[in-house]
Number of protein chains: 2
Amino acid sequence: MPDNPNPTATRRSVGITQVASHAGVSPGTVSNVLNRPERVATETRERVEAAIRELDYVRNSSGSSLRSGRSDCVGLLVLDVTNPYFTEVARGVEDEAVDAGLAVLLLNSAEEHTRQERNLRLLAGQRAAGAVVMPIDDDLSDLRWLSKQGIPWVALDRGDVPTEEGCSVSVDNEAGGLAAGRHLIGLGHERIAFLTGPFSIDQVHRRHLGLTQAVSEAGLDPDTALDLVHVPQLNPEQGEKAVDAVLAGGPRQRCTAVFCANDQLALGFLKGLGRRGLRAPDDISVMGYDDIDVAALVHPGLTTVAQPKYKLGRTAMSLLQGHFDNPEHRHERRLFTPEIVLRGSTAAHRP
Amino acid sequence: MPDNPNPTATRRSVGITQVASHAGVSPGTVSNVLNRPERVATETRERVEAAIRELDYVRNSSGSSLRSGRSDCVGLLVLDVTNPYFTEVARGVEDEAVDAGLAVLLLNSAEEHTRQERNLRLLAGQRAAGAVVMPIDDDLSDLRWLSKQGIPWVALDRGDVPTEEGCSVSVDNEAGGLAAGRHLIGLGHERIAFLTGPFSIDQVHRRHLGLTQAVSEAGLDPDTALDLVHVPQLNPEQGEKAVDAVLAGGPRQRCTAVFCANDQLALGFLKGLGRRGLRAPDDISVMGYDDIDVAALVHPGLTTVAQPKYKLGRTAMSLLQGHFDNPEHRHERRLFTPEIVLRGSTAAHRP
DNA sequence: CACCGTGATTGAAACGTGTCAATGACAATC
DNA sequence: GATTGTCATTGACACGTTTCAATCACGGTG
């Protein structure tokens with residue numbers, strides 16, 4: 001790291017031209033060293049590289065992407081930066097991007113349409129190489145617009161994107177619900193509550209379908225074996241508030257297990273239980289969905305359905321790379337199967 | 001949103017020139033409409049705006065920042081994208097940036113020197129307008145390099161940055177430790193364990209100083225009233241493993257409260273307690289530090305020292321803005337005072 | 001009527017890079 | 001020795017925007 005004797009920030013920025021004259025070659029050669037090193041003779045290349053180091057040159061990516069038309073930036077549009085589910089995905093996307101020499105522009109739609117639209121416009125303005133996006137709903141018009149701008153994208157957690165429209169990476173929510181149901185039924189539970197948000201959220205709707213299927217295949221009647229408890233949002237507060245509703249269990253016999261559509265709900269539920277002096281799994285078995293980090297941290301540990309979040313992110317990013325320099329790329333739909341993680345919050349039903 | 005009849009992505013991108021000819025004006029005028037609308041007559045401005053809408057023009061930021069020298073991107077370099085502490089800060093930075101019409105490039109140093117350096121080079125390449133950085137240690141040479149590149153920055157969570165070098169925003173860790181100590185002592189605890197990582201981490205070292213001060217001012221002898229338990233990392237696993245060490249309490253009488261340097265440690269500790277059939281606060285009072293979301297989610301709720309994370313992020317970003325178009329800006333150091341959040345994990349000591 | 005001032009618009013010149021046809025050097029082949 | 005081919009390098013232009021001096025139109029003033 002060459003120390004500039006001048007203490008104040010150097011104003012004139014050093015460009016490809018300065019490097020060229022310092023190395024006694026033409027700007028074109030410097031550009032070649034940077035982009036296609038194999039085309040330039042070893043001796044000159046080393047001279048140029050020395051000049052780059054001496055002048056502490058760093059390539060101006062504005063100029064670069066203006067000329068070449070492509071940028072080394074990809075966008076990642078998430079629904080909520082603070083949600084641990086998304087950050088794990090983000091880590092996967094980032095790691096894969098770093099390996100490919102790409103920078104990740106993290107954008108947050110905060111589940112608002114206007115912000116989603118604004119952020120996509122921003123990506124278009126950057127002429128980003130591509131985008132990994134978690135759409136806030138099943139309206140694809142924003143993404144179609146992005147395609148029209150020539151920016152490829154991969155949808156995350158949206159299994160319902162037609163392959164003519166774009167790539168998607170998601171987890172089989174029905175399989176997840178099914179596995180959860182089988183687990184609880186296998187433990188002897190015959191009255192199960194499903195604590196969930198509105199079914200307009202496709203993901204939780206599918207989890208319910210899977211759960212119902214598990215009940216049916218066990219020879220139980222979904223109408224009596226399943227208890228549906230709806231809350232407006234999938235957050236801990238709602239989970240805590242729902243304890244009474246779940247324990248009441250309607251006019252019929254009280255349920256012995258609750259499957260929450262989401263870990264956040266489940267954690268809130270566990271807390272609510274504790275407040276009332278009750279415990280999982282002694283008083284009721286509790287299951288979550290997602291396997292966020294905290295699920296392992298509470299006592300008892302939360303049995304849950306794990307989504308391969310990190311892998312989801314990496315896969316999305318690598319799928320996106322398939323689009324680059326390859327206009328005739330066919331879109332793909334990748335579906336992962338979730339896995340049950342057994343912890344202490346579920347146990348066999350003692351009749 | 002004008003629907004292009006051509007189903008395939010439009011290849012030729014529409015630029016300022018297309019808009020100009022479509023509106024019957026010169027490119028310069030279009031640029032003026034975009035950047036200094038007040039200079040152009042209302043009538044022509046409306047015509048240009050109509051053209052922009054009709055052609056669905058979006059400004060190419062590469063061209064823009066190449067010419068103008070400034071970019072509308074700021075970098076945010078965090079130590080760990082998945083850490084809830086940082087994501088909350090990130091949200092603050094982002095909100096403030098959005099308000100200022102800036103995009104945030106989120107970068108992750110993963111606590112590695114090489115990655116920190118690479119990410120800062122990337123920002124320099126983008127000619128970013130500025131950067132909010134959480135440095136991985138007290139070595140400022142990378143940041144000095146950034147300054148030399150003409151990119152202003154604000155350090156986060158590093159109170160020890162001299163104001164000649166740059167701005168910083170941080171929280172008073174000594175005050176936090178002091179407040180925690182006073183709280184526990186006020187509850188009657190006279191033997192307190194401090195569960196912590198290595199003191200080479202400046203933040204936790206300062207928290208310990210505060211704690212010691214609280215003990216002294218209460219007329220207790222730090223040597224006998226404080227019990228130091230060191231673990232290599234500040235994560236939940238270490239917290240869980242440390243339970244035995246804390247409960248053993250050395251040759252002297254067992255401590256009745258534990259102050260963890262970090263919520264993650266505290267949560268692990270709580271889990272470890274549960275595993276052994278013990279409970280906070282009945283068997284031991286437990287305090288954390290940070291007030292991450294989950295702290296409110298466990299049962300009992302974790303009493304902790306809250307850092308104003310969101311505000312920290314917003315402040316850093318607004319401080320950064322002070323640098324723009326203002327080369328003679330004087331650096332500032334902003335110090336926040338943390339606040340105790342009382343929950344269920346601490347209680348009065350019953351002798 | 002000539003002159004000036006004001007406000008709106010224009011045209012051309014950059015910004016730093018990638019690309020590509022053209023040039024040059026030099027060895028191999030006929 | 002003339003021709004061809006290969007490989008390394010060069011020079012000039014283009015990408016889309018901003019900027020700024022120059023131009024133009026037009027109403028007011030002397």
Side-chain angles (χ1 to χ4, degrees), chain A residues 10-49 51-52 55-73 124-129 149-150 325, chain B residues 10-49 51-52 55-73 124-129 149-150 325:
Chain A
T10 43
R11 272 292 144 254
R12 64 108 191 74
S13 68
V14 18
I16 215 183
T17 338
Q18 282 76 22
V19 174
S21 67
H22 189 270
V25 296
S26 84
T29 305
V30 177
S31 174
N32 280 335
V33 170
L34 260 39
N35 303 309
R36 330 221 228 351
E38 72 282 1
R39 286 205 193 165
V40 38
T42 346
E43 193 257 344
T44 40
R45 193 191 44 196
E46 278 163 2
R47 216 170 53 228
V48 171
E49 279 163 350
I52 288 179
L55 296 176
D56 198 14
Y57 162 79
V58 356
R59 113 119 90 356
N60 184 327
S61 56
S62 299
S64 169
S65 54
L66 172 59
R67 174 61 233 234
S68 68
R70 56 178 152 274
S71 147
D72 53 353
C73 256
Q126 297 272 348
R127 301 297 187 268
Q149 298 294 320
D325 307 313
Chain B
T10 44
R11 274 290 145 254
R12 65 106 190 77
S13 68
V14 18
I16 214 183
T17 338
Q18 282 76 19
V19 174
S21 67
H22 190 270
V25 295
S26 85
T29 306
V30 177
S31 175
N32 280 334
V33 170
L34 259 39
N35 302 310
R36 329 221 232 346
E38 71 282 0
R39 285 205 195 166
V40 36
T42 346
E43 193 256 344
T44 39
R45 194 191 43 198
E46 279 162 1
R47 215 170 54 226
V48 171
E49 279 164 351
I52 288 179
L55 296 177
D56 197 15
Y57 162 80
V58 357
R59 108 117 102 345
N60 183 326
S61 56
S62 298
S64 170
S65 53
L66 172 58
R67 174 60 232 230
S68 69
R70 55 177 155 273
S71 148
D72 54 353
C73 252
Q126 296 272 347
R127 302 297 187 268
Q149 299 293 320
D325 307 315

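Chain identifiers are assigned alphabetically (A, B, ...) following the order of the sequence lines, protein sequences preceding nucleic acid strands; residue numbering begins at 1 within each chain.
- Distance check: Arg127(A) CZ to Ser61(B) OG gives 7.5 Å after rounding to the nearest 0.5 Å.
- Residues of residues 57-65 of chain A having a heavy atom closer than 4.0 Å to DNA chain C, listed by number: Tyr57(A), Arg59(A), Asn60(A), Gly63(A), Ser64(A).
- Taking five base pairs at each end of the helix from dC1(C)-dG30(D) to dC30(C)-dG1(D), the local helix axes there meet at an angle of 60°, rounded to 10°.
- Not a single donor-acceptor pair under 3.5 Å links the side chain of Arg36(B) to the backbone N or O of Val33(B).
- Annotation: proximity of residues 26-38 of chain A to DNA chain D (heavy atom, distance under 4.0 Å) is found for Ser26(A), Thr29(A), Asn32(A), numbered in ascending order.
- Between Tyr57(B) and Val14(B), the closest heavy-atom pair is CD1-O, 3.4 Å.
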Identify every side-chain donor-acceptor pair in residues 39-46 of chain B under 3.5 Å, counting partners at least two apart or on other chains, and give the distances.
{"unit_1": "Glu43(B)", "atom_1": "OE2", "unit_2": "Arg47(B)", "atom_2": "NH1", "d": "3.4"}
{"unit_1": "Thr44(B)", "atom_1": "OG1", "unit_2": "Ala41(B)", "atom_2": "O", "d": "2.9"}

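- Residues Ser26(A) and Thr29(A) have side chains in contact (heavy-atom distance under 4.5 Å, counting atoms from C-beta outward).
- Put simply, CD1 on Ile16(B) is 13 Å from C1' on dC15(D), counting in whole angstrom units.
- Here the range on DNA chain C touched by chain B, meaning any atom under 4.0 Å from one of its heavy atoms, is dA8(C) to dG16(C).
- Donor-acceptor pairing under 3.5 Å, judged by distance alone, is present between the side chain of Arg67(A) and the base of dA14(D).
- Gln126(B) CD to Ser62(B) OG: the interatomic distance, rounded to the nearest 0.5 Å, is 8.5 Å.
- Under the side-chain contact (heavy atoms from CB on, under 4.5 Å) criterion, Ser71(A) pairs with Ser65(A), Cys73(A), not counting sequence neighbours.
- Between the CD1 atom in Ile16(B) and the CG atom in Leu34(B) there is a gap of 6.0 Å [rounded to 0.5 Å].
- The distance from the CG atom of Leu55(A) to the CD atom of Gln18(A) is 8.0 Å, given to the nearest 0.5 Å.
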Worked verdict on Arg59(B) versus Asn35(B) for side chain to side chain contact (heavy atoms under 4.5 Å, CB included) | CA-CA 11 Å; Arg59(B) 108 117 102 345; Asn35(B) 302 310; 3.0 Å; yes
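- At the heavy-atom level, Arg70(A) lies under 4.0 Å from the strands shown only through sugar-phosphate atoms.
- Contact annotation: Ser13(B) reaches the phosphate of dG16(D) (side-chain N/O to OP1 or OP2, under 4.0 Å).
- Nucleotide dT9(D) holds its P atom 13 Å from the CZ atom of Arg39(A), rounded to whole Å.
- Each of Arg45(B) and Ser68(B) was assigned the nucleotide of DNA chain C with the nearest heavy atom; the assignment lying further toward the 5' end belongs to Arg45(B).
- Contacts of Arg127(B) with the nucleic acid, taken as non-hydrogen atoms under 4.0 Å apart, are absent.
- Separating the NE2 atom in His22(B) from the OG1 atom in Thr17(B) is a distance of 14.0 Å, to the nearest 0.5 Å.
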